[in-house]
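Starting from 1, each residue takes its place in the sequence as its number. Atoms within a ligand are numbered from 1 in the order they appear, just like the ligands themselves.
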Amino acid sequence: MADAFSNPVVIASNRGPVSFSKVDGSLVGRRGSGGLVSGLAPLVEAGRATWIAAAMSDADREASAAGNGVVEVDGLRVHLLDIDREVQRRHYDEVSNSTLWFVHHGLYDLVRSPVYDVDWWTSWEAYREANAAFAAAIVAEAPTGATVLVQDYHLCLVARIARLERDDLRFIHFHHTPFAGPEELRVLPPSVREELLDGLASHDACGFHTSRWETNYLACQEQVLTGAGRTFTATLNSDLDDMRSVAASEACREAGASIDAVVDGRQVVARVDRMELSKNIARGFAAFDRLLEMRKDLHGNVVFLACCYPSRLGVDEYRRYRDEVVQAAELVNERWGTDDWTPVELMTDDDFPRSVAVLQRYDVLLVNPIRDGLNLVAKEGPAVNERDGALLLSTEAGAYSELSDEVLPLFPFDIEGTARSIGAALDMDADDRMHRAKALTAAVQRRTPEAWLEDQLRAV
Ligand code: G6P
């Protein structure tokens with residue numbers, strides 16, 4: 001293996017791979033799931049990497065204080081930074097989630113937002129401060145010559161600051177969301193835009209899930225002429241072995257039995273998402289409503305299993321969106337439901353084994369984001385599905401470029417088109433379904449989370 005693979009590694013991410021909650025007065029640690037944790041945790045467990053993350057809740061802060069800044073869950077050690085609560089709130093809710101995430105997903109309604117008032121500028125200072133706290137931890141903790149893997153838009157300035165004191169370190173940034181094009185990035189104040197792009201260009205290389213986001217990034221850099229540095233693309237996959245072991249678990253079997261009782265032999269349309277503004281959940285329900293309007297033959301014969309989990313409830317827009325999603329599902333049920341058929345089964349409590357049980361059972365998986373860096377569900381679904389289900393995938397998801405040959409494409413704003421595509425997918429004959437499903441399963445198995453890690457290290 002090349003040198004980059006034997007160098008020590010430091011991982012910096014805002015959300016860490018472990019989190020804590022208080023149960024009956026005691027701290028309980030939980031390990032996160034998903035591709036990022038699967039890809040990076042083995043390196044930490046092998047003693048080759050240090051993971052630095054922010055404490056995100058009071059329980060995280062308490063656990064961090066109890067361990068002098070270091071916590072350990074199931075053998076995974078993490079440095080949890082106790083950044084001042086208000087600084088972290090402004091850094092995470094106001095700048096990362098309500099500004100940068102909006103810009104990169106193209107979600108602003110420019111008539112009303114963004115607004116850069118005095119409060120926002122205070123938040124921008126907090127963003128800098130939180131980035132400086134990460135940089136200080138890296139400066140203090142990183143072994144000589146380490147490679148630092150900085151994850152995502154929360155930490156764009158870290159490398160720039162840390163380099164001032166540690167010129168022995170290499171920095172790689174990986175951007176998990178889409179990257180805005182130059183025109184969209186112009187929504188940020190010019191000084192902020194330049195500082196962020198300069199921060200990103202301070203890395204030895206910047207990585208993206210697909211070339212579409214990489215191209216946007218390079219075009220943005222070209223406009224400010226700081227010089228972009230090296231870039232690369234490396235798509236992430238979930239740990240499919242892990243998904244399959246959850247699929248074989250007792251919890252998943254039990255959840256599956258209750259789902260079977262609800263489904264009762266009907267066809268299944270499904271989705272599994274965090275209730276994020278980019279996921280386009282309400283338009284998905286509107287399309288299902290339109291389908292039921294067009295196709296009376298489906299009444300009583302299809303059910304939409306929607307696992308939609310609350311996310312970022314510290315942000316007003318997200319709380320409103322959660323209410324909109326619930327209302328949109330209720331509308332469909334009020335309009336078409338009968339005593340023995342509820343068209344949309346909306347499940348909002350986050351239950352991973354149950355999500356996997358739903359993914360095993362879909363005939364049609366709806367993944368229709370407005371824009372998404374990747375969308376791992378588009379890969380996780382086909383990996384565990386047992387019914388030769390079809391995948392309806394938004395052309396605006398990063399995963400689309402990888403899977404375009406095996407999916408039914410969706411233009412996420414087109415409700416009529418989405419309705420018709422769901423109908424066509426439900427009608428697909430068994431042979432066609434089987435062929436597509438086989439090809440799709442093969443496509444999602446092409447990569448492991450470890451391959452994604454290796455691509456980052458290779459970029460040094
Ligand atoms: C979305 C984005 C990721 C980002 C994540 C952060 O899923 O696609 O790029 O890392 O949000 O989530 P969090 O819950 O930490 O805000």
Participant: So, is Asp152 polar-close to ligand 1, with some N/O to N/O distance under 3.5 Å?
Facilitator: yes
Participant: Tell me which part of His176 gets within contact of ligand 1: side chain, backbone, both or neither, using heavy atoms under 4.0 Å.
Facilitator: both
Participant: Just distances here: any N/O of Asp372 and N/O of ligand 1 closer than 3.5 Å?
Facilitator: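 No, there is no polar N/O contact under 3.5 Å.
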Participant: If we ignore angles and hydrogens, is there a donor and acceptor under 3.5 Å between the side chains of Thr50 and Glu141?
Facilitator: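 Glu141 and Thr50 do not have a side-chain donor-acceptor pair below 3.5 Å.
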Participant: What protein heavy atom sits nearest atom 15 (O) of ligand 1, and how far away is it?
Facilitator: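 That would be Arg15 NE, 2.8 Å.
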Participant: Verify whether one side chain among Tyr217 and Gln221 offers a donor that lies under 3.5 Å from an acceptor in the other.
Facilitator: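 There is such a pair between these side chains.
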Participant: Answer yes if the side chains of Thr233 and Trp213 hold a donor-acceptor pair under 3.5 Å, and no otherwise.
Facilitator: no
Participant: Taking the six-membered ring of Trp101, is the NZ or CZ of Arg312 close enough (under 6.0 Å from the centre) and on axis enough (within 45°)?
Facilitator: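 Yes, a cation-pi geometry holds between Arg312 and Trp101.
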Participant: Can you tell me how far apart CD (Glu450) and CG (Leu40) are? Round to the nearest 0.5 Å.
Facilitator: 10.0 Å
Participant: Among all the protein's non-hydrogen atoms, which is closest to atom 7 (O) of ligand 1, and how far away is it?
Facilitator: Glu276 OE2, 3.8 Å
Participant: For atom 5 (C) of ligand 1, what's the nearest protein heavy-atom neighbour? Residue, atom name and distance, please.
Facilitator: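 Answer for atom 5 (C) of ligand 1: Arg312 NH2, 3.6 Å.
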Participant: Under 4.0 Å, counting heavy atoms only: does His175 come that close to any atom of ligand 1?
Facilitator: no
Participant: Do ligand 1 and His154 have nitrogen or oxygen atoms that lie under 3.5 Å from each other?
Facilitator: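 In fact, backbone or side chain, His154 has no N or O that close.
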Participant: One residue to check: Gln151. Relative to ligand 1, which of side chain, backbone, both or neither has a non-hydrogen atom less than 4.0 Å away?
Facilitator: neither
Participant: Is it the case that atom CZ in Arg30 sees more than 12 heavy atoms from other parts of the structure closer than 6.0 Å?
Facilitator: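 12 or below, so no.
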Participant: So, Ser98 and Glu317: side-chain donor and acceptor under 3.5 Å apart, yes or no?
Facilitator: no
Participant: Identify, for atom 13 (P) of ligand 1, the protein heavy atom at the shortest distance, and state residue, atom and that distance.
Facilitator: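 The answer is Tyr92 OH, 3.3 Å.
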